[in-house]
A.B. asks: 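Got a structure for you, written out below as C-alpha coordinates; questions coming shortly.
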Amino acid sequence: MRQVIRHYQPDRRRLHVDTTSQSFCGAYANQPDPSVPQITYGHSKNLRPDLKQLLFGVGRTDDGLLLVGEVSSGNQSDMTFNGHWIKQVREQLALGVDEFLLSIADSAVQGWHSEAELAGAVYRFLVVASSTLDQRHLKALERAIAREVTRSEKLAKRAAGQSFSERSAAETALNALLRSWSASYHHLQGQIESFEHRPPRPRRGRPRAGEVPPTATYYRIRLALVPDETAQQQARDRCGLFVLITSLLDRRQDPARHLLDTYTGQHTAEQAMRFIKSPAWVGRSA
(Lines give C-alpha, C1' and ligand atoms only; values in the text may rest on other atoms or scores of the structure.)
Protein backbone atom coordinates (compact mmCIF):
# COMPACT_ATOMS: atom_id res chain seq x y z
CA MET A 1 0.00 0.00 0.00
CA ARG A 2 2.82 2.40 0.82
CA GLN A 3 4.35 1.62 -2.57
CA VAL A 4 1.05 2.71 -4.16
CA ILE A 5 1.20 5.96 -2.20
CA ARG A 6 4.79 6.64 -3.26
CA HIS A 7 4.01 5.88 -6.91
CA TYR A 8 0.68 7.72 -7.33
CA GLN A 9 1.12 10.43 -4.67
CA PRO A 10 -2.63 10.53 -3.81
CA ASP A 11 -4.22 13.10 -1.52
CA ARG A 12 -4.15 11.26 1.81
CA ARG A 13 -6.19 13.90 3.63
CA ARG A 14 -9.53 12.78 2.14
CA LEU A 15 -10.60 9.16 2.18
CA HIS A 16 -13.93 7.64 1.16
CA VAL A 17 -14.66 4.58 3.28
CA ASP A 18 -17.48 2.07 3.09
CA THR A 19 -18.37 -1.34 4.47
CA THR A 20 -20.35 -4.27 3.14
CA SER A 21 -21.09 -7.84 4.12
CA GLN A 22 -20.62 -10.97 2.01
CA SER A 23 -22.72 -14.02 2.78
CA PHE A 24 -21.41 -17.60 2.65
CA CYS A 25 -23.12 -20.97 2.53
CA GLY A 26 -21.84 -23.78 4.74
CA ALA A 27 -21.39 -24.63 8.40
CA TYR A 28 -17.92 -23.17 9.17
CA ALA A 29 -17.98 -24.83 12.55
CA ASN A 30 -14.20 -25.16 13.09
CA GLN A 31 -12.68 -21.67 13.31
CA PRO A 32 -10.28 -22.11 16.22
CA ASP A 33 -8.19 -18.96 15.88
CA PRO A 34 -10.15 -15.98 17.29
CA SER A 35 -7.49 -13.55 16.04
CA VAL A 36 -8.59 -14.04 12.42
CA PRO A 37 -11.95 -12.91 10.98
CA GLN A 38 -14.74 -15.32 11.86
CA ILE A 39 -17.43 -16.34 9.36
CA THR A 40 -20.49 -15.99 11.55
CA TYR A 41 -23.95 -14.47 11.82
CA GLY A 42 -24.35 -10.69 11.96
CA HIS A 43 -26.30 -7.76 10.54
CA SER A 44 -26.62 -8.73 6.89
CA LYS A 45 -26.47 -5.92 4.34
CA ASN A 46 -27.31 -8.57 1.73
CA LEU A 47 -30.67 -9.13 3.46
CA ARG A 48 -29.68 -12.74 4.17
CA PRO A 49 -29.76 -13.08 7.99
CA ASP A 50 -30.03 -16.84 7.53
CA LEU A 51 -26.45 -17.05 6.22
CA LYS A 52 -23.11 -16.52 7.92
CA GLN A 53 -20.93 -13.70 6.62
CA LEU A 54 -17.76 -11.61 6.69
CA LEU A 55 -17.56 -7.83 6.88
CA PHE A 56 -15.41 -5.95 4.34
CA GLY A 57 -14.20 -2.35 4.51
CA VAL A 58 -12.42 -0.33 1.83
CA GLY A 59 -10.97 3.16 1.56
CA ARG A 60 -10.50 4.98 -1.75
CA THR A 61 -9.34 8.41 -2.86
CA ASP A 62 -11.52 10.91 -4.73
CA ASP A 63 -10.33 9.53 -8.08
CA GLY A 64 -11.03 5.93 -7.09
CA LEU A 65 -7.56 4.72 -6.08
CA LEU A 66 -7.90 1.87 -3.57
CA LEU A 67 -5.62 2.60 -0.62
CA VAL A 68 -6.76 0.46 2.29
CA GLY A 69 -8.95 -2.54 2.97
CA GLU A 70 -9.79 -4.85 5.82
CA VAL A 71 -11.76 -8.03 6.47
CA SER A 72 -13.53 -8.44 9.80
CA SER A 73 -15.76 -10.98 11.52
CA GLY A 74 -19.35 -11.16 10.38
CA ASN A 75 -20.78 -10.08 13.73
CA GLN A 76 -18.73 -6.86 13.84
CA SER A 77 -20.91 -3.74 13.96
CA ASP A 78 -20.23 -0.78 11.66
CA MET A 79 -19.71 1.56 14.61
CA THR A 80 -17.13 -0.71 16.24
CA PHE A 81 -15.50 -1.41 12.89
CA ASN A 82 -15.21 2.25 11.91
CA GLY A 83 -13.92 3.25 15.34
CA HIS A 84 -10.83 1.03 15.29
CA TRP A 85 -10.45 1.17 11.52
CA ILE A 86 -9.77 4.91 11.43
CA LYS A 87 -6.80 4.29 13.72
CA GLN A 88 -5.55 1.52 11.41
CA VAL A 89 -6.03 3.74 8.37
CA ARG A 90 -3.97 6.53 9.87
CA GLU A 91 -1.16 4.07 10.59
CA GLN A 92 -1.25 2.59 7.09
CA LEU A 93 -1.27 6.07 5.53
CA ALA A 94 1.68 7.03 7.74
CA LEU A 95 -0.17 10.06 9.07
CA GLY A 96 1.13 11.77 12.18
CA VAL A 97 -1.05 12.38 15.21
CA ASP A 98 -1.60 16.04 14.27
CA GLU A 99 -2.06 15.47 10.52
CA PHE A 100 -5.58 16.03 9.18
CA LEU A 101 -7.66 13.16 7.75
CA LEU A 102 -11.17 13.68 6.39
CA SER A 103 -13.00 10.35 6.49
CA ILE A 104 -16.19 10.25 4.39
CA ALA A 105 -18.57 7.38 5.08
CA ASP A 106 -22.22 6.35 5.06
CA SER A 107 -23.78 5.95 8.49
CA ALA A 108 -27.16 5.61 10.16
CA VAL A 109 -27.91 8.86 12.01
CA GLN A 110 -30.83 9.47 14.36
CA GLY A 111 -32.05 12.97 15.15
CA TRP A 112 -30.96 16.33 13.68
CA HIS A 113 -29.66 19.63 14.88
CA SER A 114 -27.39 22.20 13.27
CA GLU A 115 -24.73 21.44 15.87
CA ALA A 116 -25.04 18.98 18.71
CA GLU A 117 -22.99 16.85 21.03
CA LEU A 118 -22.69 13.17 20.22
CA ALA A 119 -20.63 10.66 22.21
CA GLY A 120 -18.85 13.44 24.04
CA ALA A 121 -17.88 15.47 20.95
CA VAL A 122 -19.55 18.30 19.04
CA TYR A 123 -20.57 17.57 15.45
CA ARG A 124 -22.30 19.46 12.69
CA PHE A 125 -25.45 17.99 11.16
CA LEU A 126 -26.69 18.82 7.69
CA VAL A 127 -30.06 17.71 6.32
CA VAL A 128 -30.07 17.26 2.53
CA ALA A 129 -33.16 16.91 0.37
CA SER A 130 -32.70 14.57 -2.60
CA SER A 131 -34.82 14.90 -5.72
CA THR A 132 -34.72 11.11 -6.03
CA LEU A 133 -36.81 9.63 -3.25
CA ASP A 134 -35.41 6.70 -1.33
CA GLN A 135 -37.40 3.88 -2.93
CA ARG A 136 -36.94 1.55 0.02
CA HIS A 137 -38.41 4.08 2.45
CA LEU A 138 -41.10 5.03 -0.03
CA LYS A 139 -42.26 1.43 -0.36
CA ALA A 140 -42.34 1.09 3.42
CA LEU A 141 -44.50 4.22 3.60
CA GLU A 142 -46.93 2.90 1.00
CA ARG A 143 -47.23 -0.35 2.97
CA ALA A 144 -47.99 1.61 6.13
CA ILE A 145 -50.70 3.59 4.34
CA ALA A 146 -52.20 0.37 2.93
CA ARG A 147 -52.23 -1.21 6.41
CA GLU A 148 -54.28 1.71 7.74
CA VAL A 149 -56.77 1.29 4.88
CA THR A 150 -57.11 -2.44 5.55
CA ARG A 151 -57.56 -1.85 9.27
CA SER A 152 -60.28 0.74 8.67
CA GLU A 153 -62.14 -1.58 6.26
CA LYS A 154 -62.27 -4.34 8.87
CA LEU A 155 -63.45 -1.87 11.49
CA ALA A 156 -66.14 -0.45 9.19
CA LYS A 157 -67.41 -3.92 8.32
CA ARG A 158 -67.61 -4.89 11.98
CA ALA A 159 -69.36 -1.64 12.91
CA ALA A 160 -71.91 -1.94 10.07
CA GLY A 161 -72.87 -5.40 11.32
CA GLN A 162 -74.19 -3.98 14.58
CA SER A 163 -77.63 -2.44 15.02
CA PHE A 164 -79.01 -0.33 17.84
CA SER A 165 -82.62 0.17 18.86
CA GLU A 166 -81.86 3.68 20.15
CA ARG A 167 -79.95 6.45 18.43
CA SER A 168 -78.19 7.47 21.65
CA ALA A 169 -76.68 4.01 21.96
CA ALA A 170 -75.36 4.18 18.38
CA GLU A 171 -73.85 7.62 19.01
CA THR A 172 -72.10 6.36 22.15
CA ALA A 173 -70.62 3.45 20.19
CA LEU A 174 -69.51 5.74 17.34
CA ASN A 175 -67.76 8.14 19.71
CA ALA A 176 -65.94 5.22 21.31
CA LEU A 177 -64.74 4.00 17.90
CA LEU A 178 -63.48 7.43 16.88
CA ARG A 179 -61.62 7.89 20.17
CA SER A 180 -59.94 4.49 19.84
CA TRP A 181 -58.81 5.09 16.24
CA SER A 182 -55.15 5.98 15.90
CA ALA A 183 -53.44 6.47 12.54
CA SER A 184 -50.69 8.57 11.02
CA TYR A 185 -51.96 9.06 7.48
CA HIS A 186 -55.78 9.00 7.64
CA HIS A 187 -58.71 10.49 9.53
CA LEU A 188 -61.71 8.37 10.46
CA GLN A 189 -65.18 9.83 10.11
CA GLY A 190 -68.55 8.30 10.96
CA GLN A 191 -72.24 8.91 10.93
CA ILE A 192 -75.41 7.30 12.24
CA GLU A 193 -77.78 5.80 9.69
CA SER A 194 -81.37 4.81 10.45
CA PHE A 195 -83.23 1.98 8.78
CA GLU A 196 -86.57 0.26 9.10
CA HIS A 197 -86.66 -3.34 10.18
CA ARG A 198 -89.68 -5.61 9.93
CA PRO A 199 -89.53 -8.29 12.61
CA PRO A 200 -90.91 -11.79 11.89
CA ARG A 201 -94.68 -12.29 12.36
CA PRO A 202 -95.46 -13.73 15.76
CA ARG A 203 -97.64 -16.45 14.24
CA ARG A 204 -97.55 -18.61 11.16
CA GLY A 205 -99.73 -18.28 8.09
CA ARG A 206 -100.54 -15.58 5.64
CA PRO A 207 -101.28 -12.09 6.94
CA ARG A 208 -104.94 -11.13 7.10
CA ALA A 209 -106.43 -8.82 4.54
CA GLY A 210 -105.52 -5.24 5.38
CA GLU A 211 -103.03 -6.28 8.03
CA VAL A 212 -100.04 -3.94 8.15
CA PRO A 213 -96.91 -5.69 9.43
CA PRO A 214 -95.30 -3.72 12.23
CA THR A 215 -91.87 -2.13 11.64
CA ALA A 216 -89.28 -0.75 13.98
CA THR A 217 -86.58 1.89 13.48
CA TYR A 218 -83.03 0.83 14.15
CA TYR A 219 -79.66 2.57 13.84
CA ARG A 220 -76.23 1.55 12.59
CA ILE A 221 -72.80 3.11 12.16
CA ARG A 222 -71.24 4.04 8.83
CA LEU A 223 -67.49 4.72 8.84
CA ALA A 224 -65.44 6.49 6.17
CA LEU A 225 -61.66 6.81 5.89
CA VAL A 226 -60.35 10.19 4.74
CA PRO A 227 -56.69 10.48 3.65
CA ASP A 228 -54.59 13.03 5.49
CA GLU A 229 -52.99 14.49 2.38
CA THR A 230 -50.68 16.79 4.33
CA ALA A 231 -49.32 14.01 6.53
CA GLN A 232 -48.85 11.66 3.57
CA GLN A 233 -47.00 14.28 1.51
CA GLN A 234 -44.75 15.24 4.42
CA ALA A 235 -43.90 11.57 4.92
CA ARG A 236 -43.07 11.20 1.22
CA ASP A 237 -40.87 14.28 1.38
CA ARG A 238 -38.98 12.79 4.33
CA CYS A 239 -38.20 9.73 2.22
CA GLY A 240 -35.92 11.96 0.14
CA LEU A 241 -34.02 13.36 3.14
CA PHE A 242 -30.70 12.20 4.47
CA VAL A 243 -28.38 13.56 7.15
CA LEU A 244 -24.69 14.31 6.87
CA ILE A 245 -22.66 14.42 10.08
CA THR A 246 -19.20 15.97 10.22
CA SER A 247 -16.64 17.25 12.67
CA LEU A 248 -15.86 20.17 10.31
CA LEU A 249 -17.52 22.95 12.31
CA ASP A 250 -16.16 26.01 10.50
CA ARG A 251 -19.03 27.09 8.25
CA ARG A 252 -16.93 29.70 6.42
CA GLN A 253 -14.14 27.31 5.54
CA ASP A 254 -16.49 24.37 4.88
CA PRO A 255 -19.92 25.66 3.76
CA ALA A 256 -22.84 23.28 3.36
CA ARG A 257 -22.41 23.01 -0.41
CA HIS A 258 -18.76 22.04 -0.01
CA LEU A 259 -19.72 19.29 2.44
CA LEU A 260 -22.32 17.92 0.02
CA ASP A 261 -19.91 17.99 -2.93
CA THR A 262 -17.34 16.15 -0.84
CA TYR A 263 -19.84 13.51 0.20
CA THR A 264 -21.06 12.85 -3.34
CA GLY A 265 -17.64 11.37 -4.10
CA GLN A 266 -18.59 8.48 -1.79
CA HIS A 267 -19.50 6.36 -4.84
CA THR A 268 -15.79 5.70 -5.34
CA ALA A 269 -15.77 3.52 -2.23
CA GLU A 270 -19.09 1.88 -3.05
CA GLN A 271 -17.82 0.80 -6.48
CA ALA A 272 -15.18 -1.34 -4.81
CA MET A 273 -17.93 -3.45 -3.25
CA ARG A 274 -18.98 -4.69 -6.69
CA PHE A 275 -15.51 -6.16 -7.10
CA ILE A 276 -15.62 -7.84 -3.68
CA LYS A 277 -19.04 -9.39 -4.32
CA SER A 278 -18.48 -10.38 -7.94
CA PRO A 279 -18.34 -14.20 -8.33
CA ALA A 280 -16.27 -13.70 -11.50
CA TRP A 281 -13.26 -12.77 -9.36
CA VAL A 282 -13.49 -15.78 -7.09
CA GLY A 283 -11.42 -18.73 -8.20
CA ARG A 284 -9.64 -21.72 -6.73
CA SER A 285 -6.22 -21.27 -5.24
CA ALA A 286 -3.17 -22.66 -6.99
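Counting begins at 1 with the first residue of the sequence. Note that the structure is predicted; figures quoted are calculated from it, not measured.
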A.B. asks: For E153, check salt bridge (Lys or Arg N to Asp or Glu O under 4.0 Å) against everything at least two apart and list the hits.
C.D. replies: none
A.B. asks: What's the spacing between Q162 CD and I221 CD1 if we round to 0.5 Å?
C.D. replies: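 Q162 atom CD to I221 atom CD1 measures 6.5 Å (nearest 0.5 Å).
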A.B. asks: Would you mind reporting whether R236 and L141 have side-chain heavy atoms less than 4.5 Å apart?
C.D. replies: yes
A.B. asks: Would you say R220's side chain and A160's backbone share a donor-acceptor pair under 3.5 angstrom?
C.D. replies: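 No, the answer is negative, given that no donor and acceptor are paired below the 3.5 Å cut-off.
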A.B. asks: Treating Ile, Leu, Val, Met, Phe, Trp and Tyr as nodes and any side-chain heavy-atom pair under 4.5 angstrom as an edge, say whether V149 and L188 lie in one connected cluster.
C.D. replies: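 The answer is yes; both residues are in one hydrophobic cluster.
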A.B. asks: Say you draw a straight line from CD of E142 to SG of C239; how long is it, rounded to the nearest 0.5 Å?
C.D. replies: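 Those atoms lie 8.0 Å apart.
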A.B. asks: Are the side chains of L155 and R151 in contact, using a 4.5 Å heavy-atom criterion?
C.D. replies: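 No; the side chains remain at least 4.5 Å from each other.
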A.B. asks: R167: what forms a salt bridge (Lys or Arg N to Asp or Glu O under 4.0 Å) with it, not counting sequence neighbours?
C.D. replies: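 R167 satisfies salt bridge (Lys or Arg N to Asp or Glu O under 4.0 Å) with E171 only.
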A.B. asks: Looking at residues at least two apart in the chain, or sitting in another chain, which of them share a side-chain hydrogen bond (donor to acceptor under 3.5 Å, both in side chains) with E148?
C.D. replies: H186
A.B. asks: Could you check I145 against Q232 for side chain to side chain contact (heavy atoms under 4.5 Å, CB included), going step by step and ending with a plain yes or no?
C.D. replies: CA-CA 8 Å; I145 293 175; Q232 292 188 19; 3.8 Å; yes
A.B. asks: For R222, what residues pass the salt bridge (Lys or Arg N to Asp or Glu O under 4.0 Å) criterion, not counting sequence neighbours?
C.D. replies: E193
A.B. asks: OG/S44 to CD/Q22 distance, rounded to the nearest 0.5 angstrom?
C.D. replies: 9.5 Å
A.B. asks: Applying side-chain contact (heavy atoms from CB on, under 4.5 Å), name anything that partners R252, two or more places apart in sequence or on another chain.
C.D. replies: D250
A.B. asks: May I have the list of side-chain donor-acceptor pairs in residues 223-231 shorter than 3.5 Å, sequence neighbours left out?
C.D. replies:
| residue | atom | partner | partner atom | Å |
| --- | --- | --- | --- | --- |
| D228 | OD1 | T230 | N | 3.4 |
| D228 | OD1 | A231 | N | 3.1 |
| D228 | OD2 | H187 | NE2 | 3.2 |

A.B. asks: Excluding sequence neighbours, so at least two apart, what forms salt bridge (Lys or Arg N to Asp or Glu O under 4.0 Å) with R158?
C.D. replies: none
A.B. asks: Which pairs of donor and acceptor atoms, one on a side chain in residues 176-185, lie under 3.5 Å apart (sequence neighbours left out)?
C.D. replies:
| residue | atom | partner | partner atom | Å |
| --- | --- | --- | --- | --- |
| S180 | OG | A176 | O | 3.2 |
| S180 | OG | L177 | O | 2.9 |

A.B. asks: Ring pair (Phe, Tyr, Trp, His ring centres under 6.0 Å) with Y219: which residues, sequence neighbours excluded?
C.D. replies: none
A.B. asks: Would the distance check show the side chain of S73 and the main-chain N or O of N75 forming a donor-acceptor pair, the cut-off being under 3.5 Å?
C.D. replies: no
A.B. asks: Going by the ring pair (Phe, Tyr, Trp, His ring centres under 6.0 Å) test, which pairs reach into residues 154-178, not counting sequence neighbours?
C.D. replies: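 Output for this query is empty, none listed.
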A.B. asks: I'd like a table of donor-acceptor pairs (distance under 3.5 Å, sequence neighbours excluded) in which one partner is a side-chain atom from residues 47-59, with atom names and distances.
C.D. replies:
| residue | atom | partner | partner atom | Å |
| --- | --- | --- | --- | --- |
| R48 | NE | D50 | OD1 | 2.9 |
| R48 | NH2 | D50 | OD2 | 2.6 |
| K52 | NZ | A27 | O | 2.6 |
| Q53 | OE1 | S21 | OG | 3.4 |
| Q53 | NE2 | H43 | O | 3.1 |
| Q53 | NE2 | G74 | O | 2.9 |

A.B. asks: By the rule that ILVMFWY residues connect when side-chain heavy atoms come within less than 4.5 angstrom, directly or transitively, which residues belong alongside F195?
C.D. replies: Y218
